[in-house]
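To start, the structure under review is shown below, and the notes come after it.
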Amino acid sequence: MLPRIKICGITRPEDGVEAARLGADAIGLVFYEKSPRNVSIEQAREIVRALPPFVSVVALFVNPDAAFVHSVLDACPVDVLQFHGEESPEFCRSFSRPYLKAVRVRPGVDLLEWAAAYHDARGLLADAFVEGAHGGTGAVFDWTLLPPALPLPLILSGGLTPDNVQEAVAKVHPAAVDVSSGVESSKGIKDAARMAAFISGAKHGSV
């Protein structure tokens with residue numbers, strides 16, 4: 001099966017529309033003030049309004065207050081929540097919404113333990129561990145640290161680019177791939193040619 005493809009860190013409606021036109025299955029909206037890709041609720045609503053049907057909207061949070069998550073859900077149509085911090089399983093499942101749990105991978109991190117703890121997650125998102133950062137760093141981690149099989153779908157992230165995504169898909173066989181900085185011309189601004197090359201590479205890696 002072809003991996004699902006998410007373009008994360010969308011900050012402009014035109015970038016979301018172009019990602020969808022090129023074949024992305026989902027776009028990611030970052031609700032984290034410390035991120036250069038952070039969007040306001042109003043920005044998010046404008047982006048979502050511009051999207052064509054059947055493109056999933058993923059809202060990314062890092063250690064948020066429950067009230068803030070609810071405020072986003074009340075104001076903006078969101079399909080999936082993505083938690084990128086130290087959120088507990090109970091917190092993640094408390095919103096009655098499909099969710100993804102991000103795990104920053106480094107030696108000693110057992111993804112099987114994470115999968116057991118977050119057993120009702122839609123998938124585990126494997127990202128690179130960078131001290132003090134929660135994604136969007138452009139760093140690649142050692143893919144051999146991933147277990148050969150997980151009870152949850154694996155979403156591969158962390159430093160993916162048009163240059164390495166085909167190899168990543170061929171080696172890891174993830175259920176989905178997630179890219180942000182790897183398809184940008186500057187932080188938060190997506191490059192159409194890089195998005196097209198990434199999507200093409202992701203699809204060819206599974207052949």
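- Criterion: ILVMFWY side-chain heavy atoms under 4.5 Å apart, direct or through other members. Under it, Ile155 and Val62 are not part of a common hydrophobic cluster.
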| query | Checking side chain to side chain contact (heavy atoms under 4.5 Å, CB included) for the pair Phe61/Val72: CA distance, chi angles, key distance, verdict? | reply | CA-CA 10 Å; Phe61 301 92; Val72 171; 3.9 Å; yes
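- In plain terms, the two heavy atoms of Cys8 and Lys6 that are nearest each other are SG-NZ, 3.3 Å.
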| message | Evaluate Ile189 against Glu184 for side chain to side chain contact (heavy atoms under 4.5 Å, CB included), listing each step before the verdict. | response | CA-CA 5 Å; Ile189 306 301; Glu184 290 181 338; 5.9 Å; no
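- Nearest heavy atoms, Ile47 versus Thr11: CD1-C, 3.6 Å.
- In this structure, Met195 is not a member of the same hydrophobic cluster as Val17, with clusters built from ILVMFWY side-chain heavy atoms closer than 4.5 Å.
- At least one side-chain heavy atom of Phe141 sits under 4.5 Å from a side-chain heavy atom of Leu146.
- Asn63 CG to Phe68 CZ: the interatomic distance, rounded to the nearest 0.5 Å, is 12.5 Å.
- Contact of the Leu145 side chain with the Val109 side chain is not registered, since no non-hydrogen atoms from C-beta on lie closer than 4.5 Å.
- Looking only at side-chain heavy atoms (C-beta outward), Leu81 and Leu73 come within less than 4.5 Å of each other.
- Considering only heavy atoms from C-beta on, Leu100 stays 4.5 Å or farther from Leu124 through its side chain.
- Taking each heavy atom of Lys187 and Pro36 in turn, the nearest pair found is CD-CG, 3.8 Å.
- Smallest separation of non-hydrogen atoms from Phe91 and Ser94: O-OG, 2.7 Å.
- Under the 4.5 Å side-chain criterion, counting only non-hydrogen atoms from C-beta, Gln82 is in contact with Leu125.
- For Asp127 and Arg104, the salt-bridge test fails: no basic side-chain N is under 4.0 Å from an acidic carboxylate O.
- For the pair Lys101 and Phe83, the cation-pi test (distance below 6.0 Å, angle within 45°) is failed.
- Looking at Leu160 and Asp178, their side chains never come closer than 4.5 Å, going by heavy atoms from C-beta outward.
- In this structure, the ring of His70 has its center less than 6.0 angstrom from the ring center of Phe95.
- Distance check: Tyr118 OH to Glu87 CD gives 7.0 Å after rounding to the nearest 0.5 Å.
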| message | Show, in sequence, the C-alpha distance, side-chain angles and deciding distance for Ser157 and Val177, and conclude whether the side chain to side chain contact (heavy atoms under 4.5 Å, CB included) test is met. | response | CA-CA 6 Å; Ser157 186; Val177 290; over 6 Å; no
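- Between Glu18 atom CD and Ile10 atom CD1 the span is 10.0 Å, to the nearest 0.5 Å.
- Distance alone, capped at 3.5 Å, is enough to place a donor-acceptor pair between the Asn164 side chain and the Thr161 backbone.
- A 4.5 Å side-chain heavy-atom check between Asp79 and Val58 finds every atom pair outside the cut-off.
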| message | Please determine whether side chain to side chain contact (heavy atoms under 4.5 Å, CB included) holds for the pair Asp191 and Val183, giving the CA-CA distance in whole Å, both sets of side-chain angles, and the decisive distance to 0.1 Å. | response | CA-CA 6 Å; Asp191 181 271; Val183 294; 5.9 Å; no
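- Phe31 and Ala44 make their closest contact through CZ-CB, 3.6 Å (heavy atoms, listed as atom of the first residue, atom of the second, distance).
- Between the side chain of Asp65 and the backbone N or O of Ala67, no donor-acceptor pair lies under 3.5 Å.
- Taking CG of Leu29 as the start and SG of Cys76 as the end, the distance is 6.0 Å to the nearest 0.5 Å.
- Hydrophobic clustering places Val140 together with Val169 (ILVMFWY residues linked when any side-chain heavy atoms are closer than 4.5 Å, directly or through intermediates).
- No more than 12 heavy-atom neighbours from other residues, nucleotides or ligands sit within 6.0 angstrom of CD on Glu33.
- Side-chain contact annotation: Lys171 with Gln166, donor-acceptor N/O pair under 3.5 Å absent.
- Linking ILVMFWY side-chain heavy atoms closer than 4.5 Å, directly or via other members, places Val80 and Ile27 in two distinct hydrophobic clusters.
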| task | Would you check, one step at a time, whether the test salt bridge (Lys or Arg N to Asp or Glu O under 4.0 Å) holds for Asp25 with Arg4? | result | CA-CA 6 Å; Asp25 301 289; Arg4 311 294 283 179; 3.5 Å; yes
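- For the atom pair His204 NE2 and Leu2 CG, the distance stands at 9.5 Å (nearest 0.5 Å).
- By the criterion of side-chain heavy atoms lying less than 4.5 angstrom apart, applied directly or through intervening Ile, Leu, Val, Met, Phe, Trp or Tyr residues, Leu154 is grouped together with Trp143 in one hydrophobic cluster.
- Minimum interatomic distance between Ile7 and Ala19 (heavy atoms only, all atoms of both residues): CG1-CB, 4.0 Å.
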| message | Using salt bridge (Lys or Arg N to Asp or Glu O under 4.0 Å), reason through Arg12 and Glu46 one step at a time and then give a plain yes or no. | response | CA-CA 8 Å; Arg12 306 186 302 175; Glu46 290 179 6; over 6 Å; no
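- Side-chain contact between Arg37 and Ser181 is present, with at least one heavy-atom pair separated by less than 4.5 Å.
- In summary, the side chains of Tyr99 and Asp120 do present a donor paired with an acceptor at a separation below 3.5 Å, with no hydrogens or angles considered.
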